[in-house]
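Here is the structure we will look at, set down as structure tokens.
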Amino acid sequence: MADSSSMITYLSAASALFLSAVIITAIARQKTHRQFQKHVLLVAVYLLVSAIISNVLITILIGTFSPQSSVAVLKDSIILSKRLQATFDYLFGLTIGAFIFAATTREIGSTREFFRYMKTEFPNSYVFYLFLMIMTIVTIWFSAPTVESTNPTIITFESYFLFVNGVAVATLILYAPYRFILYLREVKPDQEIRRDVFAIIIGISGFAVAELLFEIVLPTYYGTIDLRAPGFILEMGLIGLIAFGVRGKSFLQDLIIPEAEAHLLTRTTYSLDRGITYVVMERDATQAFDIFKDLVTHGAQGLCITRRAPKAVMTEYGLERTPVLWLSRVATEKNAVRPSPPENVAMSIEHFIEASERSVVLLDGFEYLVAHNDFGSILALLHDLNENVAIRESILLVPFDPSAFNEREIALIRREVRLLGPMADEFSQVARVTR
């Protein structure tokens with residue numbers, strides 16, 4: 001029976017390690033601009049793997065003891081096994097807490113920003129979370145559990161140990177829903193992103209419940225050590241849910257986070273009324289970009305959708321926090337938006353202005369949209385965006401080259417917007433429309 005139990009333990013551990021290798025590979029290959037969250041999640045999975053490995057190694061060691069071996073030595077080995085695994089588990093909890101905190105805090109995108117935020121926004125929720133996890137680890141090593149039986153293994157824990165661990169597990173169970181649900185209410189994402197976030201919540205909270213069940217409740221009250229082996233697979237499967245939630249095109253990439261580029265105290269160069277769509281009449285988009293940069297560096301939350309490569313735009317205009325989407329039919333980057341159907345662009349803009357305050361959107365590529373759709377559908381898009389901009393008191397900037405359109409098309413656009421730019425005066429009074 002003991003050999004059968006050990007075989008189940010080894011096979012379950014091997015399966016869990018295989019799953020962990022798949023999960024680690026998937027996370028490591030993920031392309032994301034938020035590298036800090038990715039690396040923290042990888043460290044968390046490494047710690048969980050270490051917990052499994054340490055448990056298996058000590059299980060093997062215990063299995064090598066002969067029947068004549070000292071019962072005291074066997075009991076000490078069991079306690080050491082529990083302490084090592086619990087330490088790695090809570091280190092995992094500590095690290096996954098950092099992942100939760102960073103993923104739900106807009107200001108954190110790198111290690112430097114994390115420590116800067118921890119310093120400037122002290123205290124915060126993660127400080128208390130961190131303190132509790134460290135206190136629990138200390139309790140694990142200084143408590144004195146009693147092994148009542150080695151076959152089956154039944155362990156009695158001290159009351160204060162159960163209390164501290166209960167609070168720590170409850171905190172781990174509740175911290176993810178607390179942070180992520182508040183975050184969802186703030187940014188108002190679409191249904192797909194909500195699904196991914198809830199997968200992460202289930203993975204993190206489910207892991208904590210599984211740990212409580214397999215490591216404390218069952219060994220304490222039922223002495224069923226055998227279920228810890230399948231527990232490895234269940235726990236790693238729950239971690240797989242987290243990896244699924246943060247896969248490519250997840251909330252870590254696709255969620256457009258409204259954030260001002262800067263809050264300069266100088267006066268703005270351009271003063272525009274809110275709730276208005278402005279068409280900037282010019283051969284290129286130079287003035288439109290100048291207006292956009294002026295507004296986002298003076299407290300406005302901006303979104304730029306452009307035909308130019310986002311990295312080039314960010315470099316030229318010094319944009320670091322402002323989301324820049326690439327309007328492209330062939331680009332495969334995570335921040336690319338296809339021009340057809342026009343609803344792709346509409347959803348991005350509407351989501352952004354709903355989730356933001358004092359927003360400004362630059363839609364660079366009107367001619368490109370018309371080329372890949374038709375003028376009527378893009379005019380309808382402009383109508384819808386104009387209404388949303390008015391409702392949300394946002395600002396929409398649309399660079400527009402009049403040489404690409406006929407007089408009738410210009411007249412139809414002119415009725416919906418205000419004109420700006422170096423060529424605006426030429427079209428303040430549109431000539432007779434030809435039919």
Measure the spacing between [atom1] of [X] and [atom2] of [Y] and express it to the nearest 0.5 Å.
X    : Y    : atom1 : atom2 : value
L363 : F292 : CG    : CZ    : 11.0 Å
I305 : L396 : CD1   : CG    : 9.0 Å
F352 : C304 : CZ    : SG    : 10.5 Å
L94  : I137 : CG    : CD1   : 6.0 Å
L325 : D364 : CG    : CG    : 12.0 Å
T104 : F99  : OG1   : CZ    : 9.0 Å

**Q.** Residues which pass salt bridge (charged side-chain N to carboxylate O under 4.0 Å, His left out) with R274, listed by chain and number, not counting sequence neighbours
**A.**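 Once residues adjacent in sequence are excluded, R274 has no partner under the salt bridge (charged side-chain N to carboxylate O under 4.0 Å, His left out) criterion.
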**Q.** Qualifying residues under salt bridge (charged side-chain N to carboxylate O under 4.0 Å, His left out), relative to R308, sequence neighbours excluded
**A.** E316
Heavy-atom distance under 4.5 Å between the side chains of [X] and [Y], does that happen here?
X    : Y    : result
I291 : L420 : yes
T105 : Y183 : no
D290 : D294 : no
F122 : M118 : no
T306 : V324 : yes
V209 : I173 : yes
T297 : K293 : yes
Y278 : D273 : yes

Check [X] against [Y] and note the closest heavy-atom contact, atom names and distance.
X    : Y    : answer
A168 : L132 : CA-CD2, 3.9 Å
L172 : S205 : O-OG, 4.4 Å
E320 : M314 : O-CE, 4.2 Å
P339 : N373 : O-ND2, 3.0 Å
V169 : A208 : CG1-O, 3.6 Å
F128 : N124 : CD1-O, 3.2 Å

Would you say [X]'s side chain and [Y]'s backbone share a donor-acceptor pair under 3.5 angstrom?
X    : Y    : answer
E261 : R321 : yes
R392 : G275 : no
R338 : R329 : yes

Q: With sequence neighbours excluded, give me every side chain to side chain donor-acceptor pair (under 3.5 Å) pair touching residues 127-141.
A: T87-W141
Q. Sequence neighbours excluded, which residues qualify as ring-ring contact (aromatic ring centres under 6.0 Å, His included) partners of H372?
A.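 In terms of ring-ring contact (aromatic ring centres under 6.0 Å, His included), with neighbours along the sequence ignored, H372 is linked to Y368.
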Q | Sequence-distant partners of F115, ring-ring contact (aromatic ring centres under 6.0 Å, His included), two or more places apart | A |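 With neighbours one apart ignored, the set is empty.
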Is it true that the side chains of [X] and [Y] contain a donor and an acceptor less than 3.5 Å apart?
X    : Y    : value
S143 : E158 : no
N165 : Y90  : yes
S394 : S359 : yes

Qualifying residues under side-chain contact (heavy atoms from CB on, under 4.5 Å), relative to [X], sequence neighbours excluded:
X    : answer
I79  : R83, P145, V147
I391 : none
E367 : D401, A404, F405
N388 : E350, I353

All side-chain hydrogen bond (donor to acceptor under 3.5 Å, both in side chains) counterparts of [X], not counting sequence neighbours:
X    : answer
Y175 : S125
N344 : none
S271 : none

Q: Kindly determine whether T266 and H298 satisfy side-chain hydrogen bond (donor to acceptor under 3.5 Å, both in side chains), including the steps that lead there.
A: CA-CA 8 Å; T266 56; H298 286 84; 3.0 Å; yes
(Q) Can you tell me how the ring of Y317 sits relative to the ring of F289, calling it parallel under 30°, perpendicular over 60° and tilted otherwise? (A) parallel
Q | Residues L382, T277; criterion side chain to side chain contact (heavy atoms under 4.5 Å, CB included); working and verdict | A | CA-CA 9 Å; L382 190 62; T277 297; 4.1 Å; yes
Q) Can I395 and I276 be said to form a side chain to side chain contact (heavy atoms under 4.5 Å, CB included), step by step? A) CA-CA 6 Å; I395 294 175; I276 303 296; over 6 Å; no
Q. Would one find more than 12 heavy atoms of other residues, nucleotides or ligands at under 6.0 Å from atom CD of E357?
A.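 Check fails, neighbour count at 12 or below.
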Q: Go through the steps for L319 and V296 under the test side chain to side chain contact (heavy atoms under 4.5 Å, CB included), then give the verdict.
A: CA-CA 9 Å; L319 303 178; V296 299; 4.2 Å; yes
